[in-house]
Protein chains: 2
Amino acid sequence: MAYRQTDRVAARLAETRAGILDAARALVAEGGFAAVQMSEVARKAGVATGTLYRYFSSKEALCRELFREVSSREMGKLAEIAAGHGPASERLVEVLRTFAGRAVKGRRLAYALLAEPLDVNLAEERAFFRRTHADIFARILEDGIENGELPAIDVRIAAACIAGAIPTALIGPLAPQSHELDRNADRVVEEIVKFCLAGVGVTLTARRESNSERRTVA
Amino acid sequence: MAYRQTDRVAARLAETRAGILDAARALVAEGGFAAVQMSEVARKAGVATGTLYRYFSSKEALCRELFREVSSREMGKLAEIAAGHGPASERLVEVLRTFAGRAVKGRRLAYALLAEPLDVNLAEERAFFRRTHADIFARILEDGIENGELPAIDVRIAAACIAGAIPTALIGPLAPQSHELDRNADRVVEEIVKFCLAGVGVTLTARRESNSERRTVA
DNA sequence: CAACGCTATGAACCATGGTTCATTTCTTTT
DNA sequence: AAAAGAAATGAACCATGGTTCATAGCGTTG
């Protein structure tokens with residue numbers, strides 16, 4: 001017996017591993033998953049290319065872990081709100097606002113998670129991510145229908161519509177120009193949320209947030 | 001002077017060109033644009049790989065032309081309806097039904113056009129395609145608002161929401177299972193359309209199709 | 001500090017798939 | 001039918017980018 005990993009080493013290894021993920025995350029934030037090349041990750045993390053393979057069995061494994069890490073943060077926020085105990089329609093409004101609001105703020109990341117062309121492996125992770133979103137929406141809708149707050153509709157379908165409408169309206173080719181979004185983020189988010197709420201039969205009554213215009217743009 | 005293309009040859013060339021596009025289209029219908037490999041296209045078209053490059057300057061050029069050809073057929077249908085002279089809300093219903101209905105029937109193709117991960121070049125073509133969709137929706141909405149049929153909303157945003165909701169709810173990971181879609185296509189389409197209409201403030205009044213429920217369960 | 005084995009290295013390797021080009025085959029003209 | 005292009009061929013070529021592996025460097029133990 002001549003070697004056993006010591007705590008100090010274990011810590012250093014963990015740090016390297018984290019550093020690699022950090023580097024990859026930074027690349028995603030800059031240029032999406034398309035910008036994650038093993039050689040670049042290595043360079044950015046300050047290790048050799050080969051080293052990456054001591055921590056991750058393949059590029060796919062690295063990207064999957066990264067995707068999960070990043071996306072679970074997002075889902076966590078929404079799940080938390082969804083699990084609250086208020087009326088369903090209020091939780092719904094808040095979830096939608098949060099979803100849309102975070103997507104606008106972190107557009108780059110949101111693009112990578114929701115809209116960027118990915119290869120099939122990562123598309124699987126994304127599918128899981130989106131399904132979870134839809135589940136969150138559907139759950140709230142069910143609550144609302146059960147207790148009569150909302151009209152009865154097919155919650156799976158409505159949830160999918162919402163999960164499609166919000167990202168499409170905020171990122172990608174159908175979204176407003178980026179600088180326009182920066183200027184009007186709140187108004188745009190509010191308009192999208194309004195659409196989704198109306199879609200499930202909720203009409204937004206005036207509230208605190210609506211210092212923003214209620215004028216109906218032509 | 002020793003050669004000048006004769007009509008017969010020109011016709012044969014045109015035929016070969018069309019054959020190449022056909023082969024590529026068939027591959028798209030089977031496995032999306034991912035299945036379009038130059039060698040496969042050549043095999044299917046019954047020509048040599050090199051021959052493809054006598055007709056198309058690159059794979060990109062071939063795919064773009066194909067994308068345009070296929071997508072313009074779809075857009076044509078919608079544009080036609082949109083240009084009609086009936087009330088905006090009726091045109092809207094019909095456009096949405098047509099869009100969704102065709103997407104369900106030609107799911108494979110719809111996937112390739114709307115949802116499949118594509119590389120950047122083709123993503124440009126798709127962006128154009130989707131923008132055109134959104135324009136069609138937006139146009140009708142504007143009409144409806146102008147003449148008071150519809151409440152005033154931001155038509156660009158609503159159009160983007162619709163253009164996102166429909167494909168998401170019909171194809172990809174959030175869509176119902178394929179066999180379920182086959183069984184319930186009409187009901188699913190109707191439900192999605194209902195969501196979108198409600199989103200822009202139209203409530204579907206009972207019509208021929210609406211033997212389906214309108215009850216609002218408590 | 002010697003021996004052993006874990007960790008890191010990065011240039012070489014390999015797979016994929018688009019593109020080229022020397023050669024052959026086919027058409028047209030005289 | 002021979003000359004001169006045009007068209008077709010498909011194997012070789014090349015670019016990209018992920019993965020491997022022989023080697024060097026470090027840490028741990030006795």
Side-chain angles (χ1 to χ4, degrees), chain A residues 1-21 23-24 27-28 30-67 116-122, chain B residues 1-21 23-24 27-28 30-67 116-122:
Chain A
M1 45 225 65
Y3 188 90
R4 218 178 33 146
Q5 194 174 76
T6 197
D7 283 2
R8 215 166 55 82
V9 171
R12 183 167 51 79
L13 294 194
E15 210 172 311
T16 302
R17 200 187 141 89
I20 291 170
L21 280 169
L27 288 170
V28 170
E30 287 165 30
F33 282 94
V36 178
Q37 293 182 15
M38 294 307 260
S39 52
E40 268 304 290
V41 174
R43 209 186 48 66
K44 201 144 193 160
V47 299
T49 342
T51 303
L52 301 180
Y53 289 83
R54 294 192 57 77
Y55 293 87
F56 301 91
S57 64
S58 66
K59 181 188 179 180
E60 181 188 336
L62 167 57
C63 285
R64 276 185 183 251
E65 183 163 339
L66 184 56
F67 195 104
E116 182 189 0
L118 299 179
D119 66 86
V120 272
N121 312 308
L122 275 188
Chain B
M1 46 228 69
Y3 187 91
R4 218 176 35 142
Q5 194 175 76
T6 197
D7 282 1
R8 213 167 57 82
V9 172
R12 183 168 51 80
L13 293 195
E15 209 173 313
T16 302
R17 200 187 140 90
I20 291 170
L21 280 169
L27 288 170
V28 169
E30 287 165 30
F33 282 93
V36 178
Q37 291 183 16
M38 294 306 260
S39 52
E40 269 305 288
V41 174
R43 208 186 47 67
K44 202 144 192 159
V47 300
T49 342
T51 304
L52 301 180
Y53 289 84
R54 296 191 56 76
Y55 293 87
F56 300 92
S57 65
S58 67
K59 181 188 180 181
E60 181 189 335
L62 167 56
C63 286
R64 277 185 184 251
E65 183 163 336
L66 183 56
F67 195 105
E116 183 189 359
L118 300 179
D119 66 86
V120 273
N121 312 309
L122 275 189

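Throughout, protein chains are lettered first and strands after them, A, B, ... in sequence-line order, and every chain is numbered starting at 1.
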Inset, instruction - Using ring-ring contact (aromatic ring centres under 6.0 Å, His included) as the criterion, list what pairs up with A:Phe56, not counting sequence neighbours. - result: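 None.
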
Inset, instruction - Please determine if a side-chain N or O atom of A:Gln5 lies less than 4.0 Å away from the OP1 or OP2 oxygen of C:dT7. - result: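 Checking A:Gln5 against C:dT7: at least one side-chain N or O falls below 4.0 Å of OP1 or OP2.
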
Closest to the [X] side chain, choosing from [options]:
| X | options | value |
| --- | --- | --- |
| A:Ala48 | C:dG10, C:dT28, D:dA7 | C:dG10 |
| A:Leu13 | D:dA7, C:dT9, C:dA8 | C:dA8 |
| B:Arg54 | D:dT28, D:dA6, C:dT28 | D:dA6 |

Can you name the residues that form a side-chain hydrogen bond (donor to acceptor under 3.5 Å, both in side chains) with [X], not counting sequence neighbours?
| X | value |
| --- | --- |
| B:Gln5 | none |
| B:Glu30 | B:Lys44 |
| B:Gln37 | none |
| B:Glu65 | B:Arg17 |

Legend entry - Relative orientation of the end axes in the helix from C:dC1-D:dG30 to C:dT30-D:dA1, expressed as an angle to the nearest 10° (five pairs per end): 10°

Inset, instruction - Please report, rounded to the nearest Å, how far the P atom of D:dG10 is from the CZ atom of B:Arg43. - result: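 Computing the B:Arg43:CZ to D:dG10:P distance gives 13 Å.
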
Inset, instruction - Find the distance B:Leu52:CG to C:dC21:P and express it as a whole number of Å. - result: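 Checked: the CG to P distance equals 17 Å.
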
Inset, instruction - Describe the nucleic acid contact of B:Arg12 in one word from base, sugar-phosphate, nothing, applying a heavy-atom distance below 4.0 Å. - result: sugar-phosphate

Inset, instruction - Scan A:Tyr55 against the nucleic acid and name what it touches under 4.0 Å (heavy atoms): base, sugar-phosphate only, or nothing. - result: sugar-phosphate

Inset, instruction - Can you sort out the partners of A:Tyr53 under side chain to side chain contact (heavy atoms under 4.5 Å, CB included), two or more places apart, ordered by chain and number? - result: A:Met38

Legend entry - Gap between atom CD of A:Glu15 and atom CD1 of A:Ile20 - 0.5 Å precision: 11.5 Å

Legend entry - Check: B:Phe33 main-chain N/O paired with B:Glu116 side-chain donor or acceptor under 3.5 Å: yes

Inset, instruction - If a protein heavy atom is under 4.0 Å from the base, mark B; if only from the sugar-phosphate, S; if neither, -; do that for nucleotides 14-21 of chain D going 5' to 3'. - result: ---SSBB-

Inset, instruction - Only pairs at least two apart or in different chains count here, so list each salt bridge (charged side-chain N to carboxylate O under 4.0 Å, His left out) that has a residue in residues 45-55 of chain A. - result: none

